[in-house]
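Comments concern the structure below.
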Amino acid sequence: MKKFLIAGNWKMHKTTAEAVSFAEEIKAKNLENAEDVAVLAPFTQLSELGKALAGSGIKFGAQNVHFEPSGAFTGEISVPMLEEIGVDYCIVGHSERREYFGETDKTVNLKLKALIAAGITPILCVGESLEVREAQGEQTFVASQLIADFEAMPISDVAKVVIAYEPIWAIGTGKTATPDQAEEMCAFIRGVMGGMYSNEVADQMLILYGGSMKPSNAADLLSKPDINGGLIGGASLKADDLAAIADAANALK
Ligand code: 13P
C-alpha cells in the first residue's frame with residue numbers, strides 16, 4: 001500500500017483562536033486517514049493546536065527550528081522546546097526561509113540532525129527557481145541541495161527525513177507543476193537518494209510535492225508513483241480543502 005503524508009504549511013497565517021477552530025472543524029470530519037494528515041503552524045499556536053488535535057490522529061508541527069539546543073540566540077526556538085510541546089514534524093529549509101532569512105544548506109544539515117536526534121520528523125524542502133528551471137538546471141540544482149543537506153548523515157537516519165519537492169515558481173503562484181513534471185523531479189530525488197545511500201532506503205522515503213496543490217489537482221499529482229503526498233500552503237488554510245486533499249490521497253491507497 002502506498003504511504004502518504006498530506007501536510008498543511010500555514011506559513012504566517014492564523015491566530016491561535018483561528019488555529020483551534022480549524023482543529024475543531026477538521027476533527028469533525030473524522031478523516032479515515034487522519035494519521036496521514038499534519039498541520040505545520042507558527043510557534044505561538046503549537047501548544048494550543050496540539051491540545052485541540054489530541055485524540056484525532058492528526059499530526060502537527062513547526063515550520064522552523066534552531067539547531068542549537070539552547071544559548072544566546074534571541075528570537076529563536078530550540079528542538080527541546082518543540083519536544084516539550086510534543087510536535088511530530090518540523091519543516092526545514094523552506095524556500096521562503098532560504099530566500100528571506102538566510103537559511104543555508106549548512107544550517108539545514110544541522111537542523112535535520114538535531115531534529116532526528118530528538119525523534120521529530122523533519123520535512124526538508126528542496127526546489128529550483130524559475131531562472132534555474134528555464135536554464136534546464138533543475139536536476140543539478142536539486143541534487144546539489146540534497147548532497148549538502150544530507151552531508152554526513154548515517155544511512156540509518158535517512159528514511160526518517162521526509163523530502164518535499166517545491167519548485168519555487170509554483171509556490172503561491174497558482175502555477176502548479178504538471179503531474180509529469182512533479183513526478184519527474186520526485187523520481188529524480190528518489191534516484192539521487194538511492195545513489196547516495198541505497199535503493200532500499202530511497203524506496204522507504206516519503207517524497208512530497210508542494211506548489212499550488214489544491215483539491216482540483218491533488219488526485220492527479222498524488223496518483224503518480226513517486227509522489228507520497230503534498231506540502232500545501234494556501235489550500236491548507238481551509239479545513240474543507242485540506243480534508244478534500246486528504247480524501248483524494250485516501251482514495252489512492
Ligand atoms: P502554496 O500551496 O500556497 O503554493 O504553497 C506551497 C508551499 O510553499 C508549501 O510549503
Side-chain angles (χ1 to χ4, degrees), residues 4-14 18-19 22 26 36-43 45-46 49 58-65 87-101 103 107-108 111-112 115 120-130 132-133 138 141-142 145-146 149 161-179 181-183 185-186 189 206-222 224 227-249:
F4 283 108
L5 173 61
I6 302 300
N9 173 11
W10 283 350
K11 308 193 178 184
M12 198 174 71
H13 293 288
K14 293 194 189 293
E18 288 164 349
F22 177 101
I26 198 147
D36 300 340
V37 177
V39 226
L40 294 323
F43 293 126
Q45 304 164 16
L46 290 175
L49 184 62
I58 297 169
K59 313 279 194 234
F60 75 115
Q63 300 171 9
N64 185 33
V65 73
V87 305
D88 304 288
Y89 292 100
C90 181
I91 298 176
V92 177
H94 192 280
S95 58
E96 289 152 14
R97 297 225 56 94
R98 293 180 190 257
E99 186 177 351
Y100 307 131
F101 302 100
E103 185 87 89
T107 56
V108 164
K111 291 176 183 193
L112 293 181
L115 287 163
I120 298 171
T121 302
I123 301 177
L124 163 66
C125 299
V126 295
E128 80 287 354
S129 63
L130 185 59
V132 169
R133 164 78 48 173
E138 65 274 13
F141 182 84
V142 168
Q145 285 185 316
L146 293 170
D149 295 347
V161 179
V162 174
I163 299 176
Y165 169 62
E166 297 208 314
I168 297 167
W169 47 271
I171 296 178
T173 56
K175 197 174 164 187
T176 322
T178 65
Q181 283 175 320
E183 166 61 18
M185 285 305 289
C186 290
I189 289 168
L206 291 185
I207 302 178
L208 318 182
Y209 166 76
S212 300
M213 190 186 276
K214 47 189 181 265
S216 61
N217 61 22
D220 284 346
L221 288 159
L222 297 172
K224 293 291 179 184
I227 301 180
N228 297 107
L231 187 55
I232 303 131
S236 73
L237 296 171
K238 287 195 192 136
D240 281 350
D241 287 351
L242 191 62
I245 297 172
D247 285 343

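Each ligand, and each atom within it, is numbered from 1 in the order the structure gives. Count residues from 1 along the sequence.
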>> Looking only at protein heavy atoms, which one is nearest to atom 7 (C) of ligand 1, and what is the separation?
In response: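 Result for atom 7 (C) of ligand 1: Glu166 OE2, 3.2 Å.
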> What is the nearest protein non-hydrogen atom to atom 5 (O) of ligand 1, stated with its residue, atom name and distance?
Replying inline: Lys11 NZ, 3.3 Å
> How many angstroms lie between atom CD1 of Ile245 and atom CG of Asp240, to the nearest 0.5 angstrom?
Replying inline: 11.5 Å
>> What's the separation between atom CD1 in Ile163 and atom CG in Leu231, rounded to the nearest 0.5 Å?
In response: 13.0 Å
>> Looking at non-hydrogen atoms alone, which of Gly172, Gly230, Gly8 comes nearest to atom 4 (O) of ligand 1?
In response: Gly172
> Can Gln45 and Trp10 be said to form a side-chain hydrogen bond (donor to acceptor under 3.5 Å, both in side chains), step by step?
Replying inline: CA-CA 11 Å; Gln45 304 164 16; Trp10 283 350; over 6 Å; no
>> With a heavy-atom distance limit of 4.0 Å, tell me whether Ala235 approaches ligand 1 through its side chain, its backbone, both, or neither.
In response: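 None of Ala235 does.
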> Under a 4.0 Å heavy-atom limit, does Asn9 contact ligand 1 with its side chain, its backbone, both, or neither?
Replying inline: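 The side chain, only.
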>> Between Glu18 and His13, do the side chains contain a donor N or O and an acceptor N or O under 3.5 Å apart?
In response: no
> Which of the atoms of ligand 1 are close to Leu231, meaning less than 4.0 Å from one of its heavy atoms?
Replying inline: 9 (C), 10 (O)
Under 3.5 Å, N or O to N or O, is [X] touching ligand 1 that way?
{"X": "Gly234", "value": "yes"}
{"X": "Gly210", "value": "no"}
{"X": "Ser212", "value": "yes"}

>> Less than 4.5 Å apart, side chain to side chain, heavy atoms only: is that true for Asn64 and Lys111?
In response: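 Yes, at least one pair of side-chain atoms sits under 4.5 Å.
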> Are Ile232 and Asp241 close enough, and set up right, to give a side-chain contact (heavy atoms from CB on, under 4.5 Å), and what steps lead you there?
Replying inline: CA-CA 10 Å; Ile232 303 131; Asp241 287 351; over 6 Å; no
